[in-house]
Amino acid sequence: DAGLLFVFQSRRGLDHYGPTDRLLRRELGLAATRYEGEALQALEPSLSPSVAGAYHYSCDVQVRPERLVASWRSRLLADGVELREGAPFT
């Protein structure tokens with residue numbers, strides 16, 4: 001699955017993060033799913049079975065800047081925008 005996975009080595013760390021997760025959910029609408037044990041291994045098999053658990057924010061994404069800019073450039077050119085690379089500006 002896409003998203004951001006906060007992984008915790010200890011049960012204490014996993015439990016300590018709970019209030020932060022609730023704050024993000026309440027104030028920003030960023031809902032995470034808490035995973036432990038077999039469910040976490042199914043989600044991310046490359047993790048060591050010794051980790052305590054994780055919070056998965058599926059709403060989070062990562063962007064590769066060069067791909068984003070290239071897609072904007074393609075779209076602008078398709079829409080008839082003239083791009084002037086290296087032109088001076090003030």
Side-chain angles (χ1 to χ4, degrees):
D1 289 357
L4 182 63
L5 192 64
F6 281 89
V7 179
F8 295 88
Q9 291 287 344
S10 69
R11 167 66 65 180
R12 182 174 181 237
L14 182 65
D15 291 341
H16 183 75
Y17 186 76
T20 300
D21 175 61
R22 288 189 293 279
L23 174 78
L24 291 171
R25 183 182 304 264
R26 183 180 66 247
E27 299 297 325
L28 302 176
L30 300 175
T33 302
R34 182 173 166 153
Y35 287 93
E36 299 176 53
E38 291 179 9
L40 179 56
Q41 287 298 305
L43 178 69
E44 186 53 70
S46 65
L47 287 175
S48 168
S50 68
V51 300
Y55 282 87
H56 180 228
Y57 290 88
S58 61
C59 59
D60 199 336
V61 296
Q62 297 175 6
V63 176
R64 292 186 53 189
E66 69 279 4
R67 292 180 69 186
L68 177 63
V69 171
S71 70
W72 285 346
R73 184 180 194 280
S74 295
R75 177 59 190 255
L76 291 170
L77 291 173
D79 287 348
V81 174
E82 179 184 346
L83 299 177
R84 299 182 186 176
E85 297 182 33
F89 65 94
T90 58

Q: Mind running side-chain contact (heavy atoms from CB on, under 4.5 Å) on H56 and L43 for me, showing each step along the way?
A: CA-CA 9 Å; H56 180 228; L43 178 69; 4.1 Å; yes
Does [X] reach the side chain of [Y], with side-chain heavy atoms less than 4.5 Å apart?
X: D15; Y: F8; result: no
X: E44; Y: L5; result: yes
X: L68; Y: S71; result: yes
X: T20; Y: Y55; result: no

Are [X] and [Y] grouped together when hydrophobic residues (ILVMFWY) are joined by side-chain heavy atoms under 4.5 angstrom apart?
X: V51; Y: Y35; answer: yes
X: L30; Y: L23; answer: no
X: L4; Y: L28; answer: yes

Looking at [X] and [Y], what are the two nearest heavy atoms and their distance?
X: A54; Y: L40; result: CB-CD1, 3.8 Å
X: R25; Y: A31; result: NH1-CB, 3.3 Å
X: S48; Y: S50; result: OG-OG, 2.8 Å

Q: Evaluate the criterion side-chain contact (heavy atoms from CB on, under 4.5 Å) for residue pair L24 and Y57; output intermediate values, then yes/no.
A: CA-CA 10 Å; L24 291 171; Y57 290 88; 3.5 Å; yes
Q.
How about CD on E66, more than 12 heavy atoms from neighbouring residues, nucleotides or ligands closer than 6.0 Å, or not?
A. yes
Q. Atom CD in E82, atom CG in L76: separation rounded to 0.5 Å?
A. 12.5 Å
